[in-house]
Novice: 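This is the structure I want to talk about, given as structure tokens.
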Amino acid sequence: MEQGRTQMDLSHPDKLLWPEAGVTKQGLLDHYTAVWPRMERFVVNRPLALVRAPDGVAGKQRFFQKHASPGMHEAIGKMADPEDGEELLYIKDFNGVAALVQLGVVEIHIWGCTIDAIDTPDQVVFDLDPDEGLDMNDVRAATLDIRRRLDGLGLPNVVKTSGGKGFHVIVPLKPKADWKTVKTFAHDFAEAMEQSDPEKYTATLSKKARTGRIFIDYLRNARGSTTVAPYSSRAKPNATVSVPVTWPEVENGVGPADFSIDGKALGKALKAADPWGDFDKLRKALHG
DNA sequence: GGGTGTA
DNA sequence: TACACCCAACGCCGT
DNA sequence: ACGGCG
Ligand SMILES: [Mn+2]
Ligand SMILES: [Mn+2]
């Protein structure tokens with residue numbers, strides 16, 4: 001059995017999944033081949049949610065999937081959620097990604113925990129969701145503000161582009177605290193930001209509260225909630241990718257949608273040092 | 001994309 | 001054989 | 001209790 005790469009056959013490898021960007025199903029698999037050394041540890045052995053677009057991102061069909069369908073490829077692992085018995089999905093290796101690509105998966109989302117410790121999250125996520133038309137520089141400034149606050153609390157942090165309109169700031173955790181603890185921490189953190197700068201931030205998701213502001217989406221930190229995985233493609237016309245970056249890059253103006261499949265910026269990023277290389281070393285227990 | 005249910 | 005259908009789900013918030 | 005929302 002080949003490890004690390006697959007010869008799994010793709011049906012219709014030349015089908016355009018991102019017609020506007022000219023990215024085919026094979027092109028998507030090639031993307032994952034290129035990023036896999038950096039991506040693997042963030043996606044394997046975690047419950048997943050999938051955004052599937054079997055006819056491409058411009059097609060009619062697009063759906064979100066958290067549970068197994070009958071007959072799914074054996075490279076896609078299934079595990080009963082101890083809470084409700086639903087069959088959660090996960091992958092163990094690159095063959096799993098290949099199987100996802102064959103299914104028309106255009107976004108890979110991860111739970112904030114591994115399958116071996118499903119009740120103790122190993123990360124906190126702050127998902128910055130700006131209102132339409134907010135200046136990208138305001139979003140960068142908000143992201144840097146989150147870093148400053150986390151630094152002040154002595155909490156490790158890394159950042160990635162979302163591939164959409166914002167950034168994701170991640171606190172690597174040792175999986176000690178439970179979901180309630182982690183979500184409450186994230187909620188309190190978001191509310192503190194809103195209180196200190198209510199013109200810029202809101203901790204309330206409603207469109208109304210978000211007008212002209214950035215929603216600090218702490219709700220990603222709930223059991224069963226998911227966030228787009230590092231290096232996942234996005235179901236946007238441009239085939240953007242969520243990419244880990246360094247804090248200096250954010251300071252120097254990197255934008256949330258600056259990276260895309262086959263893009264120059266991504267190729268360059270992959271040649272530089274891994275911005276999240278120390279992720280596992282940085283892990284810290286919340287509270288403790 | 002593909003299994004399932006209905007004709 | 002030929003189709004249509006399904007593919008998550010839940011807490012938060014304003015009313 | 002319901003609808004919008006992520
Ligand atoms: Mn977001
Ligand atoms: Mn969000």
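Quick note on labels: first sequence line is chain A, next is B, and so on, each numbered from 1.
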Novice: Is the closest side-chain donor-acceptor distance between K25(A) and S11(A) under 3.5 Å?
Specialist: yes
Novice: From CH2 of W179(A) over to C1' of dC10(C), roughly how many Å is that when rounded to an integer?
Specialist: 14 Å
Novice: To the nearest 0.5 Å, tell me how far T24(A) OG1 sits from I261(A) CD1.
Specialist: 9.0 Å
Novice: What is the separation between atom NE2 on H109(A) and atom P on dA9(C), rounded to the nearest whole Å?
Specialist: 16 Å
Novice: Could you check whether atom NZ of K165(A) has more than 12 heavy atoms from other residues, nucleotides or ligands sitting under 6.0 Å from it?
Specialist: no
Novice: Do any pairs count as a ring pair (Phe, Tyr, Trp, His ring centres under 6.0 Å) and have a residue in residues 112-154 of chain A, sequence neighbours left out, and if so which ones?
Specialist: F126(A)-F189(A)
Novice: Check this for me, if you would: do D81(A) and R223(A) make a salt bridge, where the nitrogen-to-carboxylate-oxygen distance has to be below 4.0 angstrom?
Specialist: yes
Novice: Measuring to OP1 and OP2 of dA9(C), would you say a side-chain N or O of H67(A) lies under 4.0 angstrom away?
Specialist: yes
Novice: Sticking with atom C1', work out how far dA9(C) lies from dG3(D), rounded to a whole angstrom.
Specialist: 15 Å
Novice: dC5(C) P sits how many Å from K60(A) NZ, rounded?
Specialist: 13 Å
Novice: How many whole angstroms separate atom CZ of R220(A) from atom P of dG11(C)?
Specialist: 13 Å
Novice: Residues two or more places apart in sequence or in another chain: which of them pass ring pair (Phe, Tyr, Trp, His ring centres under 6.0 Å) with Y90(A)?
Specialist: none
Novice: Would you jot down, in residue-number order, the residues of residues 194-217 of chain A having a non-hydrogen atom under 4.0 Å from DNA chain D?
Specialist: L205(A), K207(A), R210(A)
Novice: Looking at A75(A) and N95(A), what are the two nearest heavy atoms and their distance?
Specialist: CB-O, 3.6 Å
Novice: Would you tabulate the nitrogen or oxygen pairs shorter than 3.5 Å linking the protein to nucleotides 2-7 of chain B?
Specialist:
from, atom 1, to, atom 2, distance (Å)
dG2(B), OP1, Q102(A), NE2, 3.2

Novice: Taking atom C1' of dC7(C) as reference, at what distance in whole Å does atom CD of Q65(A) sit?
Specialist: 5 Å
Novice: In whole angstrom, give the distance that lies between atom CZ of F63(A) and atom P of dA8(C).
Specialist: 9 Å
Novice: Rounded to the nearest Å, what distance is computed from the CG atom of residue L219(A) to the P atom of nucleotide dC12(C)?
Specialist: 8 Å
Novice: Please list, in 5' to 3' order, the outermost nucleotides of DNA chain D lying under 4.0 Å from any heavy atom of chain A.
Specialist: dC5(D) to dG6(D)
Novice: Which part of the nucleic acid, if any, lies within contact of D129(A), taking any heavy atom under 4.0 Å across all strands shown: a base, the sugar-phosphate backbone alone, or nothing?
Specialist: sugar-phosphate
Novice: Rounded at 0.5 Å granularity, tell me how far CG in D145(A) sits from CE in M193(A).
Specialist: 4.5 Å
Novice: Any chance the side chains of T33(A) and D30(A) put a donor and an acceptor closer than 3.5 Å?
Specialist: no
Novice: Quick one: do R41(A) and D280(A) make a salt bridge, cutoff under 4.0 Å?
Specialist: yes
Novice: Using a side-chain heavy atom cutoff under 4.5 Å and only I, L, V, M, F, W and Y, what cluster partners does V125(A) have?
Specialist: F42(A), V158(A), I170(A), W276(A), F279(A), L282(A)
Novice: Roughly how many Å apart are dC5(D) and dA8(C), using the P atom of each and rounding to a whole number?
Specialist: 22 Å
Novice: Are any non-hydrogen side-chain atoms of R46(A) and D122(A) less than 4.5 angstrom apart?
Specialist: yes
Novice: Less than 4.0 angstrom between a side-chain N/O of K183(A) and OP1 or OP2 of dG11(C), yes or no?
Specialist: no
Novice: What is the distance from CG of L50(A) to P of dC6(C), rounded to the nearest Å?
Specialist: 19 Å
